[in-house]
2 protein chains.
Amino acid sequence: MEQETHLTESQPASPGTLRPGGRTAKVRRAVLDAARDALAESGFHALNMDRIAASAGVGKTTVYRRWGSPVGLVTDLLHDMAEQSLPASDTGSLAGDLRANAELVRATLTDTRMGAVFRAVISAAGCDEECARALAGFYRTRLDEWTPVVAKGAARGEIPAGTDPTELLRAVSAPLYYRFTVTHEEVTADVAERAVTAALAAAKDGVFARP
Amino acid sequence: MEQETHLTESQPASPGTLRPGGRTAKVRRAVLDAARDALAESGFHALNMDRIAASAGVGKTTVYRRWGSPVGLVTDLLHDMAEQSLPASDTGSLAGDLRANAELVRATLTDTRMGAVFRAVISAAGCDEECARALAGFYRTRLDEWTPVVAKGAARGEIPAGTDPTELLRAVSAPLYYRFTVTHEEVTADVAERAVTAALAAAKDGVFARP
DNA sequence: CCCTTAATGGGAGACTGGTTCCGTTAAGAT
DNA sequence: ATCTTAACGGAACCAGTCTCCCATTAAGGG
């Protein structure tokens, strides 16, 4: 969103920016909630501006004006999701923390509702550059929340100093997401556990050492 | 595709099955080629039945009748792609073979044309169950082609006997696809190399041992 | 080579999704 | 409390998609 059309100063800003109070915020909340529900229920291909407007109890003109297209909606939804971050856990050992992380990812992807939303969002990102950026941003913040865990593990000597935290975390998530998006295999607890063990083994071998 | 509506025997089979010769085959070829081009050029969201029909030089009725929807098209395209398999390499060492595999995946995803097709296909699979199955089938055959490589490596003693070949291969691919579909980071040669090293380290630790 | 009918193809019409217009509501400033 | 105007919402409007009907073409069997 935010078209950023810099013409002259007389150009009106994109809607919602000058008077973000009460109504505008309420509309955004209602629309994003409706969008999330729709995605969870019928997936991205069925995301329809008209229906969203109706189920959010909002004029469809508003939805079109502020979000433009289904992809725009998903993009904003991602920004919204990125804002609600949940803190990393601290179990005392790197293995434990990584396991908690993998389990969190697994639980999210496996949950009927959340899983559908993520599937939809990833699908949308494959269709639109802007949306892809939003998705990348979402995961960047998510990963950043967990990097301390790796740093602490390195400090404890569980893995070599200089291990790239992001790289290790990616290694944990990758097998889960690979199954989820590409091969559409079930993401079992077993898979999550193995992802952790594998990533940790590689890390101890110094595979993720920063250059 | 193939609705399998078992009513009475008077029910006509889906088009293209009773006279698959000349014309029918030619139409399918033209349409699938057009679809692939369209996906490579503008992605899944822009896949349009009318346009496909036009650029394939085929009546649009035919396209609607035989494929039904963009998703149906992609699904059939996947079946088509699954038929053309390319053999695994044999460099003499497991590390070399896996590197070749990772490099193949990387090259495919990085290639402007092929990358776009895969992105589109994965996106479509996120929208439709049938398409997801086709995609899963595609990767199953792909993986199966490479399993001998792992078996030979195990026979040479490079990794523990009883290592699950598919699991190891998935571990190699996962980081590449994770970047490609989820975080939309560039899939560099470096990433591919690290994926191989990490997977191999884990395999040597017996992480992928079959129970 | 001829016949039956599967499969295709063009075009009219319906439908859904998206856009525009303009009057109404209420945010935020004084 | 009042005023200005940002933002919303209803309804008419337009466009691109899809569906259906029926004439035409050519597979596959004799």
Side-chain angles (χ1 to χ4, degrees), chain A residues 1-3 5 9-35 38-39 42-76 124 127-128, chain B residues 1-3 5 9-35 38 42-74 76 124 127-128:
Chain A
M1 321 301 47
E2 323 305 66
Q3 289 297 66
T5 34
E9 31 69 24
S10 70
Q11 197 67 9
S14 58
T17 50
L18 271 74
R19 285 184 188 173
R23 187 165 58 165
T24 296
K26 211 169 296 177
V27 165
R28 180 166 117 110
R29 189 69 276 135
V31 168
L32 291 188
D33 285 350
L39 288 183
S42 356
F44 176 61
H45 69 299
L47 194 60
N48 172 263
M49 305 294 268
D50 277 24
R51 225 163 337 202
I52 294 300
S55 73
V58 158
K60 72 171 181 168
T61 314
T62 301
V63 179
Y64 279 112
R65 188 167 27 220
R66 283 185 58 183
W67 290 278
S69 68
V71 182
L73 256 178
V74 173
T75 306
D76 195 29
C127 291
D128 180 86
Chain B
M1 328 282 40
E2 326 304 68
Q3 287 298 65
T5 35
E9 31 69 24
S10 70
Q11 196 68 8
S14 57
T17 49
L18 272 75
R19 286 183 186 174
R23 187 166 57 163
T24 295
K26 212 169 294 176
V27 165
R28 180 165 116 111
R29 189 67 278 135
V31 168
L32 290 188
D33 285 349
S42 355
F44 176 60
H45 68 300
L47 195 60
N48 171 262
M49 305 294 269
D50 279 24
R51 221 159 340 189
I52 294 299
S55 72
V58 158
K60 68 173 178 167
T61 312
T62 301
V63 179
Y64 279 112
R65 186 166 30 219
R66 283 187 58 184
W67 289 277
S69 69
V71 180
L73 256 178
V74 172
D76 196 29
C127 293
D128 180 86

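- When all heavy atoms are compared, the tightest approach of B/A38 to B/L47 is CB-CD1, 3.9 Å.
- Of the candidate nucleotides C/dT8, D/dG9, D/dC8, D/dG9 has the atom nearest to the side chain of A/V58.
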Once each nucleotide of nucleotides 15-21 of chain C is scored for protein heavy atoms under 4.0 Å, what B/S/- sequence comes out, 5' to 3'?
-> --SBBBB
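- With salt bridges taken as basic N to acidic carboxylate O contacts below 4.0 Å, none links A/R66 and A/D76.
- Evaluation of the side-chain hydrogen bond (donor to acceptor under 3.5 Å, both in side chains) rule for A/N48 yields no partner, not counting sequence neighbours.
- A heavy-atom distance below 4.5 Å is found between the side chains of A/Y64 and A/D50.
- Of the candidates D/dG9, D/dA7, C/dT8, the closest approach to any side-chain atom of A/R66 belongs to D/dA7.
- Within the structure, a side-chain polar atom (N or O) of B/T62 is placed less than 4.0 Å from OP1 or OP2 of C/dG9.
- With a 4.5 Å cut-off on side-chain heavy atoms, A/V71 and A/F44 count as touching.
- Atom P of nucleotide D/dG16 and atom CD1 of B/I52 are separated by 17 Å, given to the nearest angstrom.
- A/R65 pairs by the side chain to side chain contact (heavy atoms under 4.5 Å, CB included) definition with A/P15, A/T61, A/T62, not counting sequence neighbours.
- In this structure, the CZ atom of B/R23 is 11 Å from the C1' atom of C/dT5, given to the nearest Å.
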